[in-house]
Amino acid sequence: MIDLSDKQSLINEILKLKKEKDAVILAHSYQTADIQEIADVIGDSYALSKYCTKVKEKTLVFCGVHFMAESAKILSPEKTVLLPEKNAGCPMADMVTAPELRAFKKMYPDAAVVTYINSSAAVKAESDVIVTSSNAVKVVSNMKEKQIIFCPDKNLGAFVAAKCPDKEFILWDGYCPVHNKMIKEYVYAAKEKYPEAKILVHPECPSDVCKLADFIGSTKEIMEYASKTDYKAFIVGTEQGVLHPMSRDNKGKKFYLLSEDLVCEDMKLTTLDSLYRCLLTGSYEMDLDEEIIQKASKALNRMIELASK
Ligand code: 13P
Ligand code: SF4
């Protein structure tokens, strides 16, 4: 009899089931410390997407939110892709629907649609190219089109627009409710409390907050910056989950969260219990319409191509 209330027994069972089901566990860096520790791969949205195209195992278990598991299925349609928590969604991804985007495109017939990976498969299928926070500037710079509809994140869109002054941007009015809550006053207060610390923020934060930062980057870029520089203290303006690997891998450095509000409830839904149940029962399995997969994979693969140029 297995005692699943004992954490170590639960971990052992997950590892056993993973082997039996020929599965690999992927986790976004906003997941809880427990999930990050048991995952085979941890990363930002781009690193995880690239990983999905090279997986050897039959089954991918995506510890993250719905659009991430969908993207994995689009990039590896022949694999079984599982999302442990059915209700783990992304409120920003829900801020644009395919019919809304279709209607919007009609107003700007010459514009290319650049869509943040934080979007549904149906929205990706309506897009010319997908971007993540770590490759958006590079992808857009490598595009020949001059007019860009950028959706759904207006903050990331403004960040990219500032780096690509030769293009005209039409920004969708979406945002991440977690990062968008950040305000300049939080930065001033943190700077006063920890004057020696460098400010690192995610481009999903509003632009007036980004302007005060020493470094702006995706979760992975923020983590790399903290590891590579000699600075010893950092104020981190992204979701709280990144503090776990940052503190673990940078002994002697100090990390402070810009605000206690930097917690994505959806990302925290996945637990060792739900991961265990997912491996045991095979749910929830991603199942996408063939035509959506075809169209969305074109836009996602264009991202990978333009980001590698
Ligand atoms: P990245 O993983 O690209 O940094 O994106 C952050 C995010 O909000 C994921 O939902
Ligand atoms: Fe969506 Fe923001 Fe949560 Fe990322 S952190 S999943 S963008 S709500």
Side-chain angles (χ1 to χ4, degrees), residues 26-32 35-36 39 41-52 62-72 75 83-96 114-120 123-124 130-140 150-157 159-160 172-182 200-206 209-210 213 215-226 236-246 257-270 300 303-304 307:
L26 285 77
H28 190 271
S29 24
Y30 294 166
Q31 292 285 294
T32 64
I35 295 293
Q36 294 195 38
V41 202
I42 308 163
D44 66 359
S45 308
Y46 184 47
L48 293 173
S49 302
K50 276 210 303 194
Y51 188 85
C52 289
F62 213 119
C63 299
V65 293
H66 194 267
F67 77 81
M68 295 181 171
E70 268 191 348
S71 301
L75 289 164
L83 176 71
E85 282 291 338
K86 195 180 180 181
N87 294 325
C90 169
M92 163 154 57
D94 296 339
M95 290 178 190
V96 55
V114 176
T115 297
Y116 193 21
I117 196 160
N118 297 39
S119 53
S120 69
V123 165
K124 288 185 178 76
I130 307 305
V131 293
T132 72
S133 56
S134 62
N135 65 28
V137 173
K138 189 163 187 202
V139 168
V140 174
F150 194 99
C151 82
D153 189 2
K154 62 179 177 185
N155 292 330
L156 179 65
F159 171 72
V160 180
W172 196 267
D173 191 20
Y175 54 87
C176 161
V178 179
H179 290 87
N180 198 54
K181 267 190 282 188
M182 295 306 102
L200 320 179
V201 307
H202 197 281
E204 286 176 14
C205 291
V209 169
C210 290
F215 180 78
I216 308 166
S218 73
T219 49
K220 187 164 173 262
E221 289 167 334
I222 285 178
M223 288 191 260
E224 282 172 359
Y225 179 92
V236 180
T238 193
E239 211 274 349
Q240 168 270 353
V242 300
L243 292 190
H244 172 67
M246 287 175 110
L257 207 55
L258 176 58
S259 153
E260 291 307 314
D261 272 351
L262 279 165
V263 178
C264 174
E265 301 296 342
D266 287 87
M267 282 284 184
K268 305 303 189 211
L269 287 175
T270 312
L300 265 168
M303 165 184 88
I304 294 175

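Every number for a ligand or one of its atoms is a count from 1 in the order of the listing. If you read the sequence from its start, that first residue is 1, and numbering goes on from there.
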Are Thr238 and His179 linked by a side-chain donor-acceptor pair shorter than 3.5 Å? yes
Identity and separation of the nearest protein heavy atom to atom 3 (Fe) of ligand 2: Cys264 SG, 2.4 Å
Are His202 and Ser133 side-chain neighbours, meaning at least one heavy-atom pair lies under 4.5 Å? yes
Counting heavy atoms only, which of Ser133, Gly174, Cys90 comes nearest to atom 1 (Fe) of ligand 2? Cys90
What are the atoms of ligand 2, with element, lying closer than 4.0 Å to any heavy atom of Cys176? 2 (Fe), 5 (S), 7 (S), 8 (S)
What do we get for Glu239 next to ligand 2 when only non-hydrogen atoms under 4.0 Å count, side chain, backbone, both or neither? neither
Checking a contact table here: which protein heavy atom is nearest atom 2 (O) of ligand 1, and how many Å away? His28 NE2, 2.6 Å
Should the proximity of His202 to ligand 1, defined as any heavy atom under 4.0 Å, be assigned to the side chain, the backbone, both, or neither? side chain
Does Glu204 come within less than 4.0 Å of ligand 2, judged by its heavy atoms? yes
Go through ligand 2 atom by atom and flag the ones less than 4.0 Å from a non-hydrogen atom of Met92. 7 (S)
Measure the shortest side-chain to side-chain distance between Ile304 and Leu75 over non-hydrogen atoms and say whether it is less than 4.5 angstrom. yes
Examine Thr219 against ligand 1 and note whether any of their N/O atoms are separated by less than 3.5 Å. yes
Identify the protein heavy atom lying closest to atom 4 (Fe) of ligand 2, giving its residue, its atom name and the separation to 0.1 Å. Asn118 ND2, 3.9 Å
Validation row: Met92, Asp153 side chains within 4.5 angstrom (heavy atoms): yes
Counting from 1 in the order shown, the ligand 2 atoms closer than 4.0 Å to a non-hydrogen atom of Pro91 are 8 (S)
Shortest non-hydrogen pair, Pro245 vs Met223, comes out as CG-SD, 3.7 Å
Side-chain touch Ser71/Ile117, heavy atoms, less than 4.5 angstrom: yes
Residue and atom name of the nearest protein heavy atom (relative to atom 1 (P) of ligand 1), distance in Å to one decimal: Ser133 OG, 3.4 Å
I'd like to know if the side chain of Lys268 pairs up with that of Gln31 as donor and acceptor (distance under 3.5 Å, no hydrogens or angles considered). no
Would you say OH of Tyr175 has more than 12 non-hydrogen atoms from neighbouring residues, nucleotides or ligands within 6.0 angstrom? no
Does an N or O anywhere in Ser45 fall below 3.5 Å from an N or O of ligand 1? yes
Would you kindly specify which portion of Met68 sits under 4.0 Å from ligand 1, judged on non-hydrogen atoms: side chain, backbone, both or neither? side chain
Regarding Glu204 and Lys154, does a basic nitrogen lie under 4.0 Å from an acidic carboxylate oxygen? no
Ranked by distance from atom 8 (O) of ligand 1, the top protein heavy atom is Glu204 OE2, 2.9 Å
Counting non-hydrogen protein atoms only, what is the nearest one to atom 10 (O) of ligand 1? Give residue, atom name and distance. Asn118 ND2, 3.2 Å
Ligand 1 versus Tyr30: contacting region, heavy-atom distance under 4.0 Å: side chain
Answer yes or no: does an N/O atom from Tyr46 fall short of 3.5 Å to an N/O atom of ligand 1? no
Asp44 N/O under 3.5 Å from ligand 1 N/O: no
